[in-house]
Amino acid sequence: MGKATSAYAGLRRENMDKFLPNPKLKLKEQLHEVMRFKQLSHRTESAYWHWMKGFILFHGKRHPREMHAAEVQAYLSHLAARRNVAAATQNQALNAIVFLYREILGIELGAIGKIERPTRGPKLPTVLTKDEVRRVLAMVSPEHQLVCQMLYGTGMRLLECLRLRVKDVDFGRNEILIHDGKGFKDRVTVLPEKIKPVLESHLERVRTIHQTDLKQGFGRVHLPFALARKYPNAPKEWHWQYVFPAASLSNAARSETRPKLQRHHVHEVNIQRAVKAAATAAKINKPVTPHTFRHSFATHLLENGYDIRTLQDLLGHKDVTTTQIYTHVMQKPGIGVRSPLDG
């Protein structure tokens, strides 16, 4: 067998479904190799490393191999009691540490024991009324308005929207196919009739930009996983281009196999700032973010009479109980309770 050239050459196979990184590497490098092998996102890698590093520093920079369930229990209780983190944050820290021991060190922690949990209950999402949505959308800067209309009209998460490819928009069926959403799940959501003409015009302008890039020797986009190696010409093909490309070319530093410059999608920070500025201009006295459009989409569909299972499919929730939170923030909760003050 020839010498391995894969980026995962340092991984050794323990059995048919378990891989451990080279123990001679630094811990962060081991995490990187396992994350890339499992095809988990760079955001997950960054978040997990944050908690792994925090766990090590909390215990005086001791190596995780020297610590066990008792030290994990102490750290997680510290997060709840001293740092006052939310339950979801504590769960993420727990997941990161379990990942460290199981997937990187090859150690099963066993029962961690009782840990102190945050006492706060689940937080209800911020939801805008239909009038407030219209006011915010009217105030969004023109270059970001279509993205925000898509967020409200489809219920997509921000990065799901920004990572859309041309091929994912089906004008004939009024559908948008979302690939590798949260949990690496695919799903279909609705394409609003109202924005179809605007979106078609937008894509014509994007196509002109792409053609110009090609003439200048660029025109490539990042493809997920190993698709660029399997289909060498695909990164330049029109249907793989981002629906919302960035205004300029950028370096593709994560892979040596890609050209130096390519056109990424619009950065999410630009949309976050635009929405915040629009909410302020519209005089909305609520904390409004791009994700607020998703919450509003869900609540307004329930108010329009759509059933909870349909909404679950559109939002891509694994458990219907996650979707049911929107029944608590409808304008008329439950079966339409009317306050006695209203007569």
Side-chain angles (χ1 to χ4, degrees), residues 7-8 10-15 17-126 157-159 180-185 254 268-269 272 287 289 291 317-319 321-322 325:
Y8 310 109
L11 295 170
R12 66 180 190 274
R13 192 161 190 166
E14 299 292 325
N15 52 51
D17 58 358
K18 183 73 174 179
F19 287 82
L20 292 177
N22 188 339
K24 295 182 180 180
L25 296 175
K26 293 183 179 179
L27 196 60
K28 187 174 183 180
E29 295 171 341
Q30 293 181 51
L31 170 66
H32 178 74
E33 287 201 333
V34 175
M35 283 285 181
R36 297 289 68 75
F37 175 77
K38 290 183 171 291
Q39 298 182 341
L40 297 176
S41 72
H42 289 273
R43 288 173 176 268
T44 301
E45 178 183 340
S46 177
Y48 275 23
W49 176 245
H50 169 78
W51 294 116
M52 291 175 188
K53 184 170 65 173
F55 171 60
I56 294 169
L57 293 176
F58 176 75
H59 288 291
K61 297 185 179 180
R62 292 169 60 192
H63 195 280
R65 288 190 181 277
E66 302 173 4
M67 298 185 283
H68 303 285
E71 286 81 6
V72 175
Q73 179 188 29
Y75 178 61
L76 294 175
S77 296
H78 160 76
L79 293 179
R82 303 300 182 192
R83 292 185 53 185
N84 200 30
V85 301
T89 303
Q90 190 189 51
N91 286 337
Q92 187 186 65
L94 172 60
N95 292 338
I97 295 171
V98 170
F99 188 92
L100 165 65
Y101 279 93
R102 180 181 298 163
E103 306 295 342
I104 298 177
L105 302 179
I107 300 172
E108 288 293 340
L109 277 173
I112 294 176
K114 186 177 180 180
I115 60 176
E116 187 165 344
R117 304 288 291 180
T119 57
R120 291 172 293 179
K123 184 179 178 182
L124 292 179
T126 298
R157 301 175 179 89
L158 177 56
L159 280 176
D180 297 328
K182 191 173 183 179
F184 287 95
K185 294 179 294 185
R254 284 179 178 170
E268 62 268 28
V269 171
Q272 291 164 348
T289 69
H291 207 69
H317 288 160
K318 182 179 181 180
D319 193 331
T321 57
T322 306
I325 193 171

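- In this structure, Ile104 and Leu20 approach most closely via the heavy-atom pair O-CD2, 3.7 Å.
- Looking at every heavy atom in both residues, Tyr101 comes nearest to His68 through OH-N, 4.3 Å.
- Nearest heavy atoms, Glu33 versus Pro21: OE1-CB, 4.1 Å.
- When all heavy atoms of Leu105 and His63 are compared, the pair lying nearest together is CD2-CE1, 4.3 Å.
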Identify each donor-acceptor pair in which a side-chain atom of residues 73-81 lies under 3.5 Å from a protein atom, sequence neighbours left out, and give them as a table.
unit_1	atom_1	unit_2	atom_2	d
Gln73	NE2	Lys114	O	2.2
Ser77	OG	Gln73	O	3.0
Ser77	OG	Glu116	N	3.1

Residues 44-57 side chain polar contacts: donor-acceptor under 3.5 Å, at least two apart:
unit_1	atom_1	unit_2	atom_2	d
Thr44	OG1	Ser41	OG	2.9
Glu45	OE1	His32	ND1	3.4
Glu45	OE1	Arg36	NH1	2.4
Glu45	OE2	His32	ND1	3.0
Trp51	NE1	Gln92	OE1	2.7

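- Residues Leu100 and Leu27 have side chains in contact (heavy-atom distance under 4.5 Å, counting atoms from C-beta outward).
- The closest side-chain heavy-atom distance from Glu66 to His59 is not below 4.5 Å.
- Counting only heavy atoms from C-beta outward, the side chains of Phe99 and Met35 approach each other to under 4.5 Å.
- With contacts defined as side-chain heavy-atom distances shorter than 4.5 Å, the pair Leu158/Gln272 qualifies.
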